[in-house]
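Following: one structure in structure tokens, then a few remarks.
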Amino acid sequence: MAVYIVMRYTGRVTKEITTAEYQALAEMRYRIRKFVREGDAVARAAGLEPQQYLLLLAIRGLPEGEEATIRTLADRLALKHHSAVELIDRMEVHGYVRRSRSRDDRRRVLVSLLPRGEKLLEQVARDRISELRASGTALVDAISALLENGRSSRMEKDAANASRRGLEKKRG
């Protein structure tokens, strides 16, 4: 009975975070921040503010069947509705995007890329894709280290549960 109680209790207590997990988490965060920081610099060099690039990317990269409404874009950019409207206003003045009313529901405003916005987006995106292809393995390695560690923790827990069930059957 005592073994069962100990195994049951320790099975619920989360395993301590290892040094390797802290290192992998720190490495992942470093790699993501570095990618974002460099992307911001590339966007600025192309004449875009980082938020402008992200808006263009959000419009062009929407999942199939999803429309570029202001609500959708605000959600994808983690912005409040009015902030997205202000950003779209500025982008429209520069000739990067166009607003139009939905044919189905005139209350819905759709945002689409104009050729000028598409050209700038492609310029920045091409650089970002090249950068990921060149150095993305370090980010993948950091993420994999975290996932593998989590998987091995789950396997240890499953093994402990199987062992406990085996003890229960023997005592039966």
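Computed from a predicted structure; not experimentally measured.
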Original post:
Checking salt bridge (Lys or Arg N to Asp or Glu O under 4.0 Å) for the pair E49/R90: CA distance, chi angles, key distance, verdict?
Top reply: CA-CA 11 Å; E49 286 301 313; R90 290 192 305 274; over 6 Å; no

**OP:** Take atom CZ of R44 as the centre, draw a 6.0 Å sphere, and report whether it contains more than 12 heavy atoms from other residues, nucleotides or ligands.
**Re:** yes

Subject >> S135 side-chain N/O to E131 backbone N/O, donor-acceptor pair under 3.5 Å >> reply: yes

Subject >> Residues that Y96 engages under ring-ring contact (aromatic ring centres under 6.0 Å, His included), provided they are two or more places apart >> reply: H94

Original post:
Once you round to the nearest 0.5 Å, how far does CD1 of I59 lie from CD of E118?
Top reply: 10.0 Å

**OP:** Taking all non-hydrogen atoms of both residues into account, name the closest pair between A74 and H81 and its distance.
**Re:** CB-CA, 4.2 Å

**OP:** Is it possible for you to say whether L147 and I32 belong to one hydrophobic cluster, with membership spreading through side-chain heavy-atom contacts below 4.5 Å?
**Re:** yes

**OP:** Starting at CG of D40, measure out to CZ of F35 and round the result to the nearest 0.5 Å.
**Re:** 10.0 Å

Subject >> CZ-OG1 distance between R99 and T69, expressed to the nearest 0.5 angstrom >> reply: 12.5 Å

**OP:** Calculate, to the nearest 0.5 Å, the distance between atoms CZ and CD belonging to R29 and E27 respectively.
**Re:** 13.0 Å

**OP:** May I ask you to check whether over 12 heavy atoms, not counting those of R98, lie within 6.0 Å of atom CZ?
**Re:** no

**OP:** Can you measure from CG (L57) to CG (L48) and round to the nearest 0.5 angstrom?
**Re:** 11.5 Å

Original post:
Do R101 and L110 pass the side chain to side chain contact (heavy atoms under 4.5 Å, CB included) test, and can you show the C-alpha distance, the side-chain angles, and the key distance before you say yes or no?
Top reply: CA-CA 6 Å; R101 296 272 175 196; L110 302 175; over 6 Å; no

Subject >> Least distance between heavy atoms, A43 atom then V124 atom >> reply: CA-CG2, 3.9 Å

**OP:** Please check if L139 and V36 belong to a single hydrophobic cluster, counting links between Ile, Leu, Val, Met, Phe, Trp and Tyr side chain heavy atoms closer than 4.5 Å.
**Re:** yes

Subject >> Nearest atoms (heavy-atom pairs only) where T18 meets K15 >> reply: CG2-NZ, 3.7 Å

Original post:
Under the 3.5 angstrom rule, does the side chain of T72 hit a backbone N or O of A68 as a donor-acceptor pair?
Top reply: no

**OP:** Return the minimal non-hydrogen interatomic distance between L87 and Q51, and the atom names on each side.
**Re:** CD2-O, 3.7 Å

Original post:
Rounded to the nearest 0.5 Å, how far apart are CZ of R33 and CE of M28?
Top reply: 12.5 Å

Original post:
Looking at L114, D89, L56, which one forms a side chain to side chain contact (heavy atoms under 4.5 Å, CB included) with V97?
Top reply: L56

Original post:
Would you call R60 and E122 a salt bridge, using N to O less than 4.0 angstrom?
Top reply: no

Subject >> Heavy-atom closest contact (A24 atom, L146 atom, distance) >> reply: CB-CG, 3.8 Å

**OP:** Could you tell me which non-hydrogen atom of A46 sits nearest to which non-hydrogen atom of L120, and how far apart they are?
**Re:** O-CD2, 3.2 Å

**OP:** For T19 and Q23, test the side chains for any donor-to-acceptor distance below 3.5 angstrom and give the result as yes or no.
**Re:** no

Subject >> Worked verdict on E38 versus R128 for side chain to side chain contact (heavy atoms under 4.5 Å, CB included) >> reply: CA-CA 9 Å; E38 290 171 358; R128 303 319 304 141; 3.9 Å; yes

Subject >> Audit row: Y53, Q123, side chain to side chain contact (heavy atoms under 4.5 Å, CB included) steps and yes/no >> reply: CA-CA 10 Å; Y53 163 66; Q123 181 182 338; over 6 Å; no

**OP:** Answer yes if L62 and L113 sit in the same cluster of Ile, Leu, Val, Met, Phe, Trp and Tyr residues linked by side chain heavy atoms under 4.5 Å apart, and no otherwise.
**Re:** no

